[in-house]
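Just follow the structure's listing: the first ligand is 1, and inside any ligand the first atom is 1.
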Amino acid sequence: MVLTGGGDCPGLNAVIRGIVKRASQEKDWEVIGCIESFNGVLREPTEIVELDEKSVHGLLVMGGTILGTTNKGGPFEWPVRQPDGSWTTVDRSDEMIRKLQYLGVDAVINIGGDGSQRISLGLAQKGLNIVGVPKTIDNDLSSTDYTFGFQTAVQICTEAIDKLVTTAASHNRVFIMEVMGRDAGWIALHSAIAGGADVCLIPEIPYDIQEVKKKIEQRYNKRHGFCIIVVAEGAKPKGGSIVGTKSDEVGYQHVRLGGIGNQLAAELKAAGVEQDIRCTILGHLQRGGTPIAFDRILASEFGVRAMELVMEGKFGRMVAYRHPEIVDVSLEEAVRAQNLVDPKGQLVHTAKGLGIEFGQG
Ligand code: F6P
């Protein structure tokens, strides 16, 4: 049984296709899909679909996930409404494992990010035959060089910078572009380099607003010039905190990040920046649409290898990319640490070599 959990990202469907195509080469395996992460098994009636070669036609290029997904709740924290109208959560994992046995499911492939793979680990520890596939545009899983979806998000952000440059130059404006990534600055850093941005602000390097202002001034000759600032949604000023709101959506456990772009514009104005400033928030555009070739290939590799792990009976593992190999790691290792930008690492070094300012001076 295959399912997709957490936020969607380009390439999920390509993984599903890879799994189904590999399985169809064997006589003994049938693939089914569970709708909306594990919810399809937990709901009554169950929501499960058959997946054969015909049902995966055209999936390689299709964004989103045909199985649907959710980043709320899950088998360990199923939301239940109390008589007084408030919500609590209950652990339905044992009940779900019994139901999977009853349905005759031999193994589960869970395609998801860190939250989903923590669920995979919990279920593996209870004896479920499960294999993980890492996905997220944030690229914040440390056991794989890349997660699929990330490069597509970087491509989308880079194209957005290319577009902002022409309007910024025409109006002599400062443009701030806010990108996703949660606690990791990977999308911001990669797209800032690829798009030729002047400033890149990431969560791993808290910024000094005076240093950002100084860089803007360098970019102008009297009133002529423009400046492109890429800011990661998790970035924060030195001594400050991240900008986000606690969601009131039932079962949603994350802080919803967003708003640093406009805050930065206000900080720059307060610091005395005279130029016009505009802020563009790319938001979920970064997760939409067709995966680029790199992500189609990586997703296909993950799908094929995940199915092979199932056929080999290697459970409690997650597929991972360690250039140039597709390997597998334990689920414990998969969720152990976040993959964050190293402020002293090669890519930051390269960016600084290109004159990109991180707000450090
Ligand atoms: O983890 C992927 C991601 O797109 C983050 O970059 C972002 O902060 C978050 O998900 C947005 O979540 P949602 O789709 O629930 O608004």
*Decide yes or no for Phe294 and Gln155: does some side-chain heavy atom of the first lie under 4.5 Å from some side-chain heavy atom of the second?*
no

*ligand 1 N/O within reach of Leu257 N/O, cut-off under 3.5 Å*: no

*Would you please say whether a donor-acceptor pair under 3.5 Å links the side chains of Tyr220 and Glu274?*
no

*Hey, which atoms in ligand 1 end up nearer than 4.0 Å to a heavy atom of Ile137?*
4 (O)

_Among all protein heavy atoms in this structure, tell me which lies nearest to atom 12 (O) of ligand 1, with the distance rounded to 0.1 Å._
Tyr252 OH, 3.4 Å

*Glu325 with Arg305: basic N within carboxylate O range, under 4.0 Å*: no

_Apply side chain to side chain contact (heavy atoms under 4.5 Å, CB included) to residues Asp342 and Val348 and explain how you reach the verdict._
CA-CA 8 Å; Asp342 176 2; Val348 172; over 6 Å; no

*Numbered atoms of ligand 1 (with element) below 4.0 Å of Arg182, judged on heavy atoms*: 5 (C), 6 (O), 8 (O)

*Is the closest N or O pair between Arg287 and ligand 1 shorter than 3.5 Å?*
yes

*Would Glu53 and Lys21 pass as an ion pair if we require N to O under 4.0 Å?*
yes

*Going by the order shown, which atoms of ligand 1 are within less than 4.0 Å of some heavy atom of Glu233?*
5 (C), 6 (O), 7 (C), 8 (O)

*At a 4.0 Å threshold, what atoms of ligand 1 neighbour a non-hydrogen atom of Gly181?*
6 (O)

*asked:* Taking salt bridge (Lys or Arg N to Asp or Glu O under 4.0 Å) as the criterion, tell me which of Arg219, Lys213, Lys215, Lys214 meets it with Glu217.
replied: Lys213

